[in-house]
Amino acid sequence: MRFLRELAAELLGMFVGDGRLAMGILAIVAAAELTRDAGLPPYVAGGVLLLGSPLLLLENVRRSAAQSRKPLQAPRRSASSANPSTTMSVAGLEMGSGGPPGPHSSGRRTKAVR
Amino acid sequence: MLMWSAAAPAVGAAFLASTVEVVEAFTIVLAAAAMRGWRPALFGAASGLATLAGAVLLFGRLIDRVPIHALQLLIGILLLLFGMGWLRKAALRAGGVIPLHDEDTIFAKEAVRLGERGPRLKGSLDLVAAITACKAVMLEGLEVVFIVIAVGAGRGLLLPASLGALAACAVVLMIGALVRRPLSRVPENTLKFAVGVMLSAFGVFWLGEGLGIAWPGGDLMLLVSAALFLGAGLIGAALARETNVEIVA
């Protein structure tokens, strides 16, 4: 039973990791559908989807980052370490083990970021 | 005849996403094997794979009966939910707001958890290890199945997408068999970022087609959509990093 509960939770979590983002996506889909129903040209609905989704993502990331408030430590780096990162990095997407500790690096999580 | 220009994004998305998921499942199965033995871990992993295969056969037949526009609409919404979720997390991880996924830490935690479950009985199958491995393979495998169906079903690309996923499994398992330790050097966040961009772009594309929009340029609009999501993700990561630095300072 616990196994099935965990499975169901995992399935839900696959699509709804952040409630605000999920609601925003559904709102954009509804808006695109409404523009179509209102008889506007199809490219209006296309524009709503094409521009609305990336903008929603940007707003959500910015908001989540701003809401993650927690006591923090300044980054500690060894002066002798010429190359502090031990993880491969592409366009700065991997911070590596030598990067500054994030606000959640002590294991606690806020409600803002799940 | 299969157009590889159309199939390449689906195969690429399936390959990269499956790489991430198989690495995660491999870590848990390896921990189960290291702590409780290979026999129950492999039995559990095989059980998980068999359950997944059954689900694919069942849902594969159901998908054929769904009208194409309804399927594109449904898959488009699910892809946007899934892809943008991955992209959001990857951007926040890149910005240092949430910690990076660390296979070594996950392996250590899982090993401790399995070690606490008491000694296994000699001669009997260790159910703790089998269930742990089965669950890991099923949960991560479900995501692979969803991604393969999502990027492949809308255009009859299920077979190429499945081949992309299988290739990822083969590559990860071969490397895993050679090194026999968690694959912590895989740039997981970069992969998740790339997959998030691709799945989100597919989501917008399918949604549009489901709503009856004739995209100008056809499949090329996938690239435009991907570029917009990539830009949003990178700017989002930079903003998150900036916020993080401000808080630290």
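The sequence lines fix the lettering, A, B, ..., with proteins before strands; numbering per chain opens at 1. Any value given below was found using the heavy atoms of this structure, including those in side chains, with hydrogens, waters and symmetry copies removed.
Contacts between A:Leu57 and chain B at a heavy-atom distance below 4.5 Å involve backbone atoms as well as side-chain atoms. Contact annotation for A:Leu21: only side-chain heavy atoms (C-beta onward) come within less than 4.5 Å of a heavy atom of chain B. Contacts of A:Ile28 with chain B are absent, with no heavy-atom separation under 4.5 Å from either backbone or side chain.
Closest approach of B:Asn189 and B:Ala94 over heavy atoms only: ND2-N, 3.5 Å.
A donor-acceptor pair under 3.5 Å is absent between the side-chain atoms of B:Ser200 and the main chain of B:Leu80, judged by distance alone.
Of the listed residues (A:Ala22, A:Ser53, A:Pro42, A:Pro41), the one with the most heavy-atom contacts under 4.5 Å to chain B is A:Ser53. The most heavy-atom pairs under 4.5 Å with chain B, out of A:Leu50, A:Val29, A:Leu51, come from A:Leu50.
In this pair, B:Phe205 and B:Trp215 present their aromatic rings parallel. The plane angle is below 30°, not in the 30 to 60° band.
Note on B:Lys89 versus B:Glu188: no salt bridge recorded, every NZ/NE/NH1/NH2 to OD/OE distance being 4.0 Å or above.
In summary, the aromatic rings of B:Phe146 and A:Phe15 are positioned with their centroids under 6.0 Å apart.
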